[in-house]
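The figures here come from the full heavy-atom set of this structure, side chains too, leaving out hydrogens, waters and symmetry mates. All values reported here derive from a predicted model rather than from experimental measurement.
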Amino acid sequence: MHKKLVEVTRSGSVESIHYGFGAIIDSSGKILKEWGDSSQLIYPRSALKPIQSLNLYKDGYIEKANLTEKQIAFSTSSHFAEDIHQEIIQDWLKLLKIEENKLLCGEDWPWELHEKFKAYDKSKEKRKIFHNCSGKHCAHLALCKDRDLPLENYNSKDHQIQKELFKLIEDLTKFKIENIGIDGCTLPTPLIPLNKLAHLLAMFSDFSKLGELKNVANKIFNSCVSEPDYSGGVGSDNSKLTKLLEKKVFFKNGAEGVFVAIIPEKKISIVVKITDGNSRASSTAIAGMISELNLINKDKLNSFLKKPVNNSINKLVGNINWIG
């Protein structure tokens with residue numbers, strides 16, 4: 001069912017092992033390589049955001065609203081609520097004339113500790129704009145306002161936007177969604193086989209497979225690889241990996257150990273799920289899987305394939321290693 005993918009060493013001995021499953025799949029649905037059983041059901045979590053953006057922008061909203069690449073990347077992001085993220089969402093909400101309390105994600109602090117201190121000094125409380133999914137929520141509000149759809153329940157699985165998302169996924173994958181969960185940010189998240197998600201993202205990477213949606217997918221991909229700090233954060237693994245691959249690949253992480261890579265040059269995608277949900281392993285695993293392809297010198301991925309484990313005085317004591 002699953003496979004040993006990542007091991008954590010300390011002082012020369014294996015301390016922990018992370019199991020998972022994953023696949024490299026092309027836009028025809030062919031499995032090019034598989035780790036474990038890729039037919040297992042997963043919640044994509046935030047790794048679904050490129051498809052959510054495709055659904056939001058499928059009817060020409062990018063051009064209608066004259067969205068920038070930064071806005072498009074931000075709406076596809078799991079951001080760190082750094083200054084650039086706070087600025088872009090506040091400007092966007094102001095332009096829309098929508099109050100922050102209309103965002104249906106929860107209040108949160110920025111991701112990194114020094115940003116938390118800055119935010120506390122500034123506002124003294126958690127805010128919705130700090131939530132790592134607030135960009136996606138802002139884009140939902142923008143589209144709802146444009147289409148005169150209810151703002152109050154855009155996170156309901158019965159809202160028009162969400163029903164259109166599920167139909168888009170079903171039409172592209174030929175998989176009937178039976179179960180819909182609730183994501184950490186309150187939006188619905190469908191339960192789907194990993195290999196179906198990979199096929200969906202591979203079709204996204206092969207823009208011609210999407211018919212009239214090909215230009216939208218192309219625009220989303222180019223925005224995310226051109227503005228990687230807006231699709232994550234300066235210190236986020238998905239942004240770092242996207243930068244390493246120099247606009248060839250868009251990496252997107254999701255909660256509970258999900259990580260994906262969208263690769264138009266090869267018309268393929270890679271999806272991995274770490275069984276125990278640990279994100280320290282998922283970024284190593286996706287780097288290991290991407291190293292199977294002739295896209296980058298493997299040495300450039302070493303910081304992910306063999307991530308350092310440091311103690312409290314910053315001394316190297318072990319590594320997080322790809323072994324898949």
Is it the case that one hydrophobic cluster holds both [X] and [Y], taking links as side-chain heavy atoms less than 4.5 Å apart, direct or via other members?
X: V216; Y: L56; value: yes
X: Y19; Y: I323; value: no
X: L295; Y: L241; value: yes
X: V249; Y: M203; value: no
X: I42; Y: L201; value: yes

Q) In chain order, what residues pass the salt bridge (charged side-chain N to carboxylate O under 4.0 Å, His left out) check against R280, with sequence neighbours excluded? A)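 Partners of R280 by the salt bridge (charged side-chain N to carboxylate O under 4.0 Å, His left out) criterion come out as none, since no residue qualifies.
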Q: Quick one: list whatever passes salt bridge (charged side-chain N to carboxylate O under 4.0 Å, His left out) with E115, sequence neighbours left out.
A: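 E115: salt bridge (charged side-chain N to carboxylate O under 4.0 Å, His left out) contacts with K118.
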Q) Between N55 and I161, does a side chain to side chain contact (heavy atoms under 4.5 Å, CB included) hold up when you go through it step by step? A) CA-CA 8 Å; N55 179 58; I161 287 178; 3.8 Å; yes
(Q) Do S282 and H18 pair up side chain to side chain, a donor and an acceptor below 3.5 Å, judged on atom types alone? (A) no
Q. Taking atom types as modelled, is there a side-chain donor on K307 or S283 under 3.5 Å from an acceptor on the other?
A. yes
Donor-acceptor pairs are to be reported for all side-chain atoms of residues 218-226 against protein atoms at under 3.5 Å, with residues two or more places apart or in another chain.
residue: N218; atom: OD1; partner: N222; partner atom: ND2; Å: 2.9
residue: N222; atom: ND2; partner: N218; partner atom: O; Å: 3.2
residue: S223; atom: OG; partner: K219; partner atom: O; Å: 2.8
residue: S226; atom: OG; partner: N222; partner atom: O; Å: 2.7

Minimum side-chain heavy-atom gap [X]-[Y] below 4.5 Å:
X: Q52; Y: L165; value: yes
X: M1; Y: Q40; value: yes
X: L172; Y: L210; value: yes

(Q) Please list all pairs meeting ring-ring contact (aromatic ring centres under 6.0 Å, His included) that have one or both residues in residues 123-157, counting only residues at least two apart or in different chains. (A) H137-Y154, H140-Y154
Q: Mind running salt bridge (charged side-chain N to carboxylate O under 4.0 Å, His left out) on D158 and K163 for me, showing each step along the way?
A: CA-CA 6 Å; D158 297 317; K163 289 192 287 187; over 6 Å; no
Shortest non-hydrogen contact from [X] toward [Y]:
X: K3; Y: G36; answer: CB-N, 4.0 Å
X: F80; Y: G235; answer: CE2-C, 3.7 Å
X: S38; Y: I31; answer: OG-CD1, 3.8 Å
X: L151; Y: L104; answer: O-CD1, 4.2 Å
X: K49; Y: C133; answer: NZ-SG, 3.2 Å
X: I25; Y: A202; answer: O-CB, 3.4 Å

Nearest-0.5 Å distance, [atom1] of residue [X] to [atom2] of residue [Y]:
X: E152; Y: H159; atom1: CD; atom2: NE2; answer: 8.5 Å
X: I320; Y: L305; atom1: CD1; atom2: CG; answer: 12.0 Å
X: L141; Y: W92; atom1: CG; atom2: CH2; answer: 10.0 Å
X: I62; Y: Q71; atom1: CD1; atom2: CD; answer: 10.0 Å
X: L245; Y: K240; atom1: CG; atom2: NZ; answer: 15.0 Å
X: I192; Y: Y43; atom1: CD1; atom2: OH; answer: 12.0 Å

For the backbone of [Y] and the side chain of [X], can you confirm whether one donor and one acceptor N or O come within less than 3.5 Å of each other?
X: N319; Y: N321; answer: no
X: E69; Y: E227; answer: no
X: E34; Y: A23; answer: no
X: S239; Y: P228; answer: yes
X: N311; Y: K315; answer: yes
X: S53; Y: P50; answer: no
X: K174; Y: D171; answer: yes

I'd like to check the side chain to side chain donor-acceptor pair (under 3.5 Å) partners of [X]; sequence neighbours left out, ordered by chain and number.
X: K247; answer: none
X: D206; answer: S27, S208
X: E100; answer: R127
X: S77; answer: none

Show me the donor-acceptor pairs, under 3.5 Å and distance only, between side chains in residues 251-265 and residues at least two apart or in other chains.
residue: K252; atom: NZ; partner: S78; partner atom: OG; Å: 2.7

Q: Please report the C-alpha distance between W322 and L301 in whole Å, then the side-chain angles of each, then the deciding distance to 0.1 Å, and finally whether the side chain to side chain contact (heavy atoms under 4.5 Å, CB included) criterion is met.
A: CA-CA 11 Å; W322 163 250; L301 291 169; over 6 Å; no
A quick test of your reading: do over 12 heavy atoms of other residues, nucleotides or ligands sit less than 6.0 Å from [atom1] of [X]?
X: N294; atom1: CG; value: no
X: K128; atom1: NZ; value: yes
X: K145; atom1: NZ; value: yes
X: E99; atom1: CD; value: no
X: K58; atom1: NZ; value: yes
X: K124; atom1: NZ; value: yes

Q: Please list, chain by chain and in numerical order, all residues satisfying side chain to side chain contact (heavy atoms under 4.5 Å, CB included) with D59, sequence neighbours excluded.
A: R147
Which atom pairs, donor and acceptor, lie under 3.5 Å between side-chain atoms of residues 175-182 and protein residues at least two apart or in another chain?
none

Q. Is the shortest side-chain N to carboxylate O distance from D26 to K266 below 4.0 Å?
A.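 Salt bridge flag = no for K266 with D26.
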Q.
Please evaluate residues S134 and F74 with respect to the criterion side chain to side chain contact (heavy atoms under 4.5 Å, CB included), reporting the C-alpha separation (whole Å), side-chain torsions for both, the decisive distance (0.1 Å), and the verdict.
A. CA-CA 9 Å; S134 62; F74 183 65; 4.2 Å; yes
Cut-off 3.5 Å, no hydrogens considered: what does the side-chain donor-acceptor table look like for residues 284-293, sequence neighbours left out?
residue: T284; atom: OG1; partner: F304; partner atom: O; Å: 3.0
residue: S291; atom: OG; partner: G288; partner atom: O; Å: 2.5
residue: E292; atom: OE1; partner: K33; partner atom: NZ; Å: 2.9

**Q.** Identified side-chain hydrogen bond (donor to acceptor under 3.5 Å, both in side chains) counterpart of D229 within the set K243, H79, H85
**A.** K243
